[in-house]
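Notes for the one structure printed next.
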Amino acid sequence: MKLKVVLVFALSLIFFGCNTKETKVFTESDIHVIPKPESLKLIEGNFQFNKNTVFYVADKAQSAAAQILIDRFKEAQGWELKTVDTQPKSNYIQFKTSEDIEDEGYKLMVENDVITIQSNDFNGFLYGIQTLRQLLPPAIESQTKIADISWVIPNVEIADKPRFEWRGLMLDVSRHFFQKEYIKKTIDRLAFHKMNTFHFHLIDDQGWRIEIKKYPKLTEVGAWRVDQEDKPWDGRYTPKLDEKATYGGFYTQDDIKEIVAYAESRGVTVVPEIEMPAHVTSAIASYPDLSCLEKPVPVPSGGLWPITDIYCAGKDSTFEFLEDVLVEVMALFPSKYIHVGGDEATKTNWEKCPHCKKRMRDEQLKSVEELQSYFIKRMERFISSKGRVLIGWDEILEGGLAPGAAVMSWRGVKGGLEASAEGHDVVMTPGTHCYFDHYQGPMDTEPLAWGGHSPVSKVYQFDPIVDGMSEEQAKHVLGGQANLWAEHITTESHSEYMIFPRLAAMSEAVWSPKSSRDWVDFSSRMENIFKRYQHQGINYAKSAYTITSETEVDEATNTITVSLKNEFPVADIRYALNDAPLDETATTYTKPIEINSTTTIKASLFEDNKPVGKVFEKTFNYHKAVGKKVTYNTKYSDSYKGKGAGNMVNIVRGTKNFHDGQWQAWLVKDMELTIDLEDETEISNVSVGTMESQGPSIYFPTQVEVLVSNDGKSFTSVGKIDRPYKNNPGITLKDFSIDFNTQKARFVKVKAKNLKTSENGNDTWIFVDEIIVR
Ligand code: TNX
């Protein structure tokens with residue numbers, strides 16, 4: 001652990017008005033500001049707020065920044081702190097405009113009697129205030145009056161500025177609709193984390209969410225879908241055209257104005273996203289003529305793939321429509337950037353459409369990719385003629401990038417590398433680190449998410465500047481952004497759960513100097529931020545406290561060791577085995593636990609000698625093949641090797657996340673392997689652990705067979721299970737368990753047959769995590 005310089009100051013009692021000034025000694029570990037400031041110096045002494053503290057302001061921007069803290073004191077303490085325009089003698093916060101401070105940067109100086117915030121713009125003053133807010137006790141976030149708090153903060157000298165100018169969060173309000181009040185709340189929380197961009201994903205297949213006066217059907221029709229919220233997202237049927245559509249909602253233009261103005265008061269720019277040419281079934285449902293086929297379609301209630309009903313790129317009327325929409329959008333959103341989506345268009349209709357074919361001939365376009373490029377370039381000309389800048393997902397690179405366009409790199413970092421090499425500005429938002437619809441803890445302990453695994457520690461590792469970027473390219477990186485797609489996010493509290501605390505990690509990744517990145521230090525500061533989240537009423541995820549296990553097999557001794565850990569490193573894990581209680585008698589975890597028989601481990605984090613949070617409980621089923629040699633007659637795929645040769649006999653079971661490293665898989669091929677038990681061993685059951693997840697083409701074996709032998713040459717079948725193909729939505733784990741008469745055998749051969757081709761003609765996988773021999 002980093003050595004902390006502990007500064008201890010003796011403080012004298014100072015009398016202040018009728019309040020007695022606190023004698024409080026601060027150390028560096030009392031300072032928890034997130035994102036971490038560029039530089040911070042603790043100084044002897046402290047400042048104590050009381051009901052006479054005033055804000056000395058010179059202009060509107062300064063008083064707007066002051067208001068944030070005034071509101072906090074009002075709610076948490078009931079004080080009505082005032083702003084004044086003449087310099088008080090003492091006990092005040094003053095704002096000073098200082099031209100030489102960089103955009104959004106600030107200096108904060110806390111002294112015994114006066115606090116000074118210097119900046120050059122509103123955001124800088126606001127961030128100075130936000131830092132001040134985080135120096136105060138967490139109770140400053142309270143939404144009800146709190147008694148007996150002394151609002152005392154250490155004297156400090158802070159110089160701070162953002163590393164990147166684009167520090168964003170995207171919310172998808174199409175897949176599920178979120179109320180205006182929640183959007184404002186989220187914007188407020190962005191500002192709390194010194195984030196400055198709110199990317200508003202207003203349009204998608206499943207709902208058009210912004211009123212456009214010229215095209216009323218967009219919200220009369222496009223904002224509503226048949227309610228199938230009781231079914232899984234990808235298991236929803238295509239609604240009939242006359243079915244009553246009741247799920248949805250939209251923002252009126254007045255709502256949008258209110259959101260934009262609110263965001264402005266929080267230093268946040270709202271970037272609207274108006275998807276095109278795909279992800280617009282909601283628009284086509286409203287105005288079928290916008291598509292190539294001009295066929296009426298319903299607003300889909302859930303998953304839609306591939307997306308073939310897209311805007312026709314041949315008809316000029318499509319562009320007239322989009323220009324009209326954008327004129328209204330640009331009147332509402334003053335942001336420099338206008339996002340036009342551009343992702344995931346399946347262009348098969350364009351290949352057949354006479355209008356699109358004519359366009360391709362007229363414009364000498366060789367492919368539908370070039371037609372998409374034509375589409376985006378044409379929109380870019382329009383947007384830039386209005387003095388704005390087009391930004392789109394990295395697919396807008398395909399077929400040639402529009403001059404002047406900026407790119408949001410989501411399919412990894414490739415798009416960002418390519419666009420920046422061509423001199424375009426980029427915002428980095430790779431799925432690996434920035435997708436908040438991914439799981440943040442082990443899948444079986446978390447609410448349903450899209451897939452993937454992006455825990456807070458991974459988000460914390462995010463760097464918008466990636467390996468292989470030249471200095472010149474790096475200059476084109478505007479910053480980074482987190483995205484919350486909402487297919488599976490139906491409520492505000494679930495949305496909060498996905499955003500927090502990962503947003504805190506993201507804020508540090510895009511604000512603080514890279515050199516100050518320190519996971520241990522960050523996690524220690526998070527505890528304080530959690531208290532603030534609690535006061536703010538945020539349903540943040542506690543996944544970083546979830547205990548997970550890792551198992552290692554020592555093949556020489558056939559012993560298994562299980563190690564326990566959780567994401568935040570400074571935690572007191574204790575455990576109990578089998579029937580022992582998990583209480584104050586539990587063992588403190590210091591080293592991996594050895595297992596040589598079937599064992600249940602219960603573990604928890606402890607605070608004050610008591611278990612807190614989720615209890616970890618896992619039974620490790622020891623069996624007769626543990627650690628024995630496995631010979632593969634058909635080799636597993638290089639993409640899913642599990643833990644290699646010992647994977648099938650290491651007692652570690654895979655989770656529903658097929659990327660979790662515990663699964664071995666075969667594509668199209670059958671599985672066949674032989675386990676050598678070393679001695680003739682009495683056995684009566686073999687179980688084969690498998691998974692089915694038909695979405696990514698993982699199917700149960702259609703047959704599992706077990707054979708035994710004593711010489712390893714001639715095998716006798718002892719049983720088999722047939723399991724013909726069935727439609728099976730979701731993810732299912734299943735052990736194919738085969739009982740047979742107890743007998744002695746040294747070799748066990750297991751065969752599993754692959755379906756080979758799915759109903760829709762794709763190659764299929766079989767996934768196996770363990771062969772259990774009893
Ligand atoms: C891809 S990211 C999409 C979204 C989905 C998301 C799910 C991007 C530009 N397009 O439409 O919601 O995956 O993670």
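All ligand and atom numbering here is 1-based and tracks the order in the structure.
- The contact set between ligand 1 and E487, taken as ligand atoms under 4.0 Å from a residue heavy atom, comprises 5 (C), 7 (C), 12 (O).
- Comparing L484, D437, N483 by heavy-atom distance to atom 14 (O) of ligand 1, the nearest is D437.
- Between D204 and ligand 1, a contact under 3.5 Å exists for no N or O pair.
- Using a 4.0 Å heavy-atom cutoff, M408 is absent from the residues neighbouring ligand 1.
- If you run side-chain hydrogen bond (donor to acceptor under 3.5 Å, both in side chains) between S457 and each of E567, Q440, R502, only E567 comes through.
- Relative to the ring axis of F319, K315 does not place its NZ or CZ within 45° and under 6.0 Å from the centre.
- For the pair R175 and ligand 1, a heavy-atom separation below 4.0 Å is found.
- Each of E243, Q228, E229 was checked for a side-chain hydrogen bond (donor to acceptor under 3.5 Å, both in side chains) with S301, and the lone residue meeting it is Q228.
- In this structure, V271 and T197 have side chains that are in contact, with non-hydrogen atoms separated by less than 4.5 Å.
- Geometrically, ligand 1 and W393 share no nitrogen or oxygen pair separated by less than 3.5 Å.
- Figure legend: R359 and Y374 shown without cation-pi pairing, the cationic atom not lying both under 6.0 angstrom from the six-membered ring centre and within 45 degrees of its axis.
- Annotation for ligand 1: atoms under 4.0 Å from non-hydrogen atoms of W450 are 7 (C), 14 (O).
- The nearest heavy-atom contact from the protein to atom 3 (C) of ligand 1 is E344 OE1, 3.4 Å.
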